[in-house]
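To start, the structure itself, in structure tokens.
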Amino acid sequence: MEKEVLSILDRRTNATYDLPLYKGTVRAMDLRRIKTAPDEFGLMSYDPAFMNTASCQSAVTFIDGDKGILRYRGYPIEQVAVQCSFLEVAYLVLFGELPTSLELNSWVDSITHHTMLHEYIKKFLEGFRLRSHPMGMFISTVSALSTLYPEARDVHDAETRKLQIYRLIGKVPTIAAYTYRHGLGFPYVYPDNDLSYTANFMNMLWKMVEPKYGANPVLARALDILFILHADHEQNCSTNVMRSVGSAQADPYVSVAAAAAALSGPLHGGANEQVLNMLDEIGSKDRVPAYVEHVKAGHGKLMGFGHRVYKNYDPRAKIIKQTADEVFKVTGTNPKLDIALELERIALEDEYFVKRKLYPNVDFYSGIIYQALGFPPEMFTVLFAIPRTVGWLAQWQEMLQDPEQKIARPRQIYTGYGPRDFVPIDKRGTKATTSVA
Ligand code: ACO
């Protein structure tokens, strides 16, 4: 078959260029051949916020935003969410195939035996003042692990990488639970190796004086499903940070901390906390129409609505809605659910939201379930970071093994001054020249 090419006629020179196409994309480096003089830099592409730029090739996660499709390694999210445990999905996302039962047992065993935090890390956490935001504590503590495991810097050694993957996936729930207990002034609870990943997490969060914590199986399973839904989401903002920091060959602890920092933003993982604040602000179902009008008039956004990639119902939001029913059977309903359902109903009928293809995203309902499970809103983004650690690590491994990847370094279009001569301070006058002064 003839190679697919894109022919470009440069009207500045009347030269034509045949650029090879690869999977529907043109390589930005091929544009550099397009120039008006041999010593010219050549054409660049300009794409603020990566609206239309593929930064890598990835075999981890597939999304079709128009059709509302999400697949991990080819498996539809609807199937893995119902039929797998979170650690089974973590294995799939990281290693590309569903594990055999032997592989799964060994994987679960490895993760379970890396859940303990070093006592120095515990002391480090104790340094935060009470009521510190748990996400800030989480980010700092993950980063602090880097000081404990200096061998992690050997990012090109597969065995070393594997050990850090065990450690990170094993320890993030422990760190998350400690940040929660610290905020309450409660003593830390050590991991219990008899329990599943999520049941142990619940044990570290909520065990008080009982000798053995028994998680409610429906709630533990709901948390497992929520973790599955958040395991990976291809090249989102935090994953891009993970790849970018990792591309400088920084160790995985500081890279995950940087990715978690990106996740903490209200436009990304911090949105679920904002959804709850918004539902509190709305207060009751009858005030929903006025709130929607307020948003349409340009006052803020409907948090938990809209997505860069999904221009359809986020498939994760659908599964979360079903999970909410199971959770509420155990916990009793969350009154905010009625407000959320009304908000969704009105927004999905409103021309403003329809025209812009704004649908509920994963964060719209997750906060309501998290609250019903007993989490305060400030823990929500931490709950997102635990499972997403799997996706960050899968993408990090893929990036390190990709021969095409190098240190991430975008170009810019310079818009500043041309060359000008230095002005000594006594010749600069007294009038402020910048808004900083
Ligand atoms: N409420 C009201 N209007 C919205 C919303 C919203 N939630 N989201 C987008 N819009 C409007 C924008 O104002 C814009 O309108 P305009 O064309 O009249 O200017 C239009 O829809 C397109 O929006 P953009 O901001 O250009 O879309 P972008 O892809 O850049 O942003 C984002 C996506 C950041 C998710 C945005 O929809 C948003 O801020 N949503 C609320 C925050 C949120 O829920 N974030 C979680 C995302 S999921 C995740 O990270 C896990």
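Just so you know, ligand 1 is whichever comes first in the structure, and atom 1 is the first atom listed for that ligand. Side-chain atoms are counted along with the backbone in the values below, which use heavy atoms only and exclude waters and symmetry mates.
Note: W107 and F95 have perpendicular aromatic rings, judged against thresholds of 30 and 60 degrees for the angle between ring planes. Using bins of under 30°, 30° to 60° and over 60° for the plane-to-plane angle, the ring pair H233/Y310 lands in the tilted bin. Below 30°, between 30° and 60°, or above 60°: for Y370 and H230 the angle between ring planes is between 30° and 60°, a tilted geometry. Aromatic ring orientation, W206 versus F375: tilted (interplanar angle from 30° to 60°).
Taking 4.0 Å as the cut-off between side-chain N and carboxylate O, K67 and D64 count as a salt-bridged pair. Contact check on R221 versus E326 returns no salt bridge, with no Lys/Arg side-chain nitrogen under 4.0 Å from an Asp/Glu carboxylate oxygen.
Residue V275 does not touch ligand 1, judged by heavy-atom distances below 4.0 Å. With a heavy-atom cut-off of 4.0 Å, Y352 touches ligand 1 through its side chain alone. At a 4.0 Å heavy-atom cut-off, ligand 1 touches L267 through backbone and side chain alike. With a heavy-atom cut-off of 4.0 Å, D363 touches ligand 1 through its side chain alone. Residue H233 does not touch ligand 1, judged by heavy-atom distances below 4.0 Å.
In this structure, atom 35 (C) of ligand 1 has a protein heavy-atom contact shorter than 4.0 Å. Of the protein's heavy atoms, none falls inside 4.0 Å of atom 24 (P) of ligand 1. Within a 4.0 Å radius of atom 19 (O) of ligand 1, the protein contributes no heavy atom. Within 4.0 Å of atom 27 (O) of ligand 1, not a single protein heavy atom is present. Using a 4.0 Å threshold on non-hydrogen atoms, atom 31 (O) of ligand 1 does not count as touching the protein.
Close approach to F384 involves these atoms of ligand 1, each under 4.0 Å from a residue heavy atom: 51 (C). Close approach of ligand 1 to G304 (heavy-atom distance below 4.0 Å) involves ligand atoms 43 (C), 44 (O). For ligand 1, the atoms lying closer than 4.0 Å to a non-hydrogen atom of V295 are 2 (C). Residue-ligand proximity, A271 to ligand 1, at heavy-atom distances under 4.0 Å covers atoms 43 (C), 44 (O), 45 (N), 46 (C). Interface atoms of ligand 1 facing H268, defined by a heavy-atom separation under 4.0 Å, are 46 (C), 49 (C), 50 (O). Under a 4.0 Å criterion applied to the non-hydrogen atoms of R308, ligand 1 contributes the atoms 28 (P), 29 (O), 30 (O), 33 (C).
A side-chain N or O of D47 and one of T53 form a donor-acceptor pair less than 3.5 Å apart.
Between K301 and ligand 1, at least one pair of N/O atoms sits closer than 3.5 Å. Of the N or O atoms in R316, none lie within a sub-3.5 Å distance of an N or O in ligand 1. On a distance-only criterion, P266 and ligand 1 share no N/O pair closer than 3.5 Å. Where the criterion is an N or O separation shorter than 3.5 Å, residue side chain and backbone included, L358 fails it with respect to ligand 1.
Listed for the E88 side chain is a donor-acceptor partner under 3.5 Å among the backbone atoms of S85.
Within the structure, side-chain hydrogen bond (donor to acceptor under 3.5 Å, both in side chains) pairs that include any residue of residues 129-141 comprise H133-E273 (at least two apart or interchain).
Heavy atoms from other residues, nucleotides or ligands lying under 6.0 Å from CG of N52 number 12 at most.
Considering each of L302, V292, N272, the one bringing a non-hydrogen atom nearest atom 7 (N) of ligand 1 is L302.
Nearest to atom 21 (O) of ligand 1 among the protein's heavy atoms is R356 CD, 3.3 Å.
Y359 contributes atom OH, which lies 10.0 Å from atom NZ of K318 (distance to the nearest 0.5 angstrom). We find the CZ-OG1 distance between R388 and T239 to be 5.5 Å, quoted to the nearest 0.5 Å. To the nearest 0.5 angstrom, K285 atom NZ is 9.0 Å from I346 atom CD1.
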